[in-house]
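To start, the structure itself, in structure tokens.
We use all heavy atoms of the structure for the numbers below, so side chains are in, but hydrogens, waters and symmetry mates are not. Just so we're clear, the structure is a prediction, and the values are computed from it rather than from any experiment.
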Amino acid sequence: EMEFKKEKKTFISKSKYAEIKQHTVYEGDIIIGSFLADGVKCIVLPRLEETTIAKADCFCIRINHSLLCKEYIMFLLSSNPMFKELSGLLRGMTR
């Protein structure tokens with residue numbers, strides 16, 4: 001289920017954005033959820049009309065698109081072997 005769900009978006013004030021603008025994400029960034037209890041969830045960010053930031057429970061990977069295929073990285077990160085590897089590294093934690 002690798003699709004971006006626009007209905008889950010929330011909004012912040014311009015003053016709050018000024019405080020956290022270093023977390024701005026862009027089309028083509030790979031966004032990964034930090035909770036692993038249900039498996040690794042990630043998406044290649046589509047083009048959005050609004051300026052967008054990664055929430056506190058997400059990580060952003062920005063790759064050089066001329067060197068790597070972002071969709072391949074997304075599928076790799078979402079794979080069962082990667083989930084097992086990350087789960088083994090975290091030792092009982094869900095993040």
Roughly how far, to the nearest 0.5 Å, is CD of Glu19 from OG of Ser15? 6.5 Å
ILVMFWY cluster, Ile32 and Tyr72 together (side-chain gap under 4.5 Å): yes
Can you name the nearest heavy-atom pair linking Leu45 to Tyr26, along with the distance? CD2-O, 3.5 Å
Does Glu49 have more than 12 heavy atoms from other residues, nucleotides or ligands lying within 6.0 Å of its CD? no
Taking all atoms of both residues into account, what is the closest heavy-atom pair of Cys42 and Met74, and its distance? SG-O, 3.3 Å
Minimum-distance pair of heavy atoms, taken over all atoms of Ile30 and Lys70: CD1-O, 3.6 Å
Which is it for Leu77 and Ile73 under the side-chain contact (heavy atoms from CB on, under 4.5 Å) test, yes or no, and what are the steps along the way? CA-CA 6 Å; Leu77 291 169; Ile73 301 299; 3.8 Å; yes
Is there a path of hydrophobic side-chain contacts, each under 4.5 Å between heavy atoms of I, L, V, M, F, W or Y residues, that connects Ile53 with Val44? no
Which atom of Ile61 lies closest to which atom of Ile63, heavy atoms considered: CG2-CG2, 3.7 Å
Sequence neighbours excluded, the answer for side-chain hydrogen bond (donor to acceptor under 3.5 Å, both in side chains) partners of Asn80 is none
Taking all atoms of both residues into account, what is the closest heavy-atom pair of Thr52 and Glu50, and its distance? OG1-O, 3.0 Å
In terms of hydrophobic clusters joined by side-chain contacts under 4.5 Å, are Ile12 and Leu48 together? no
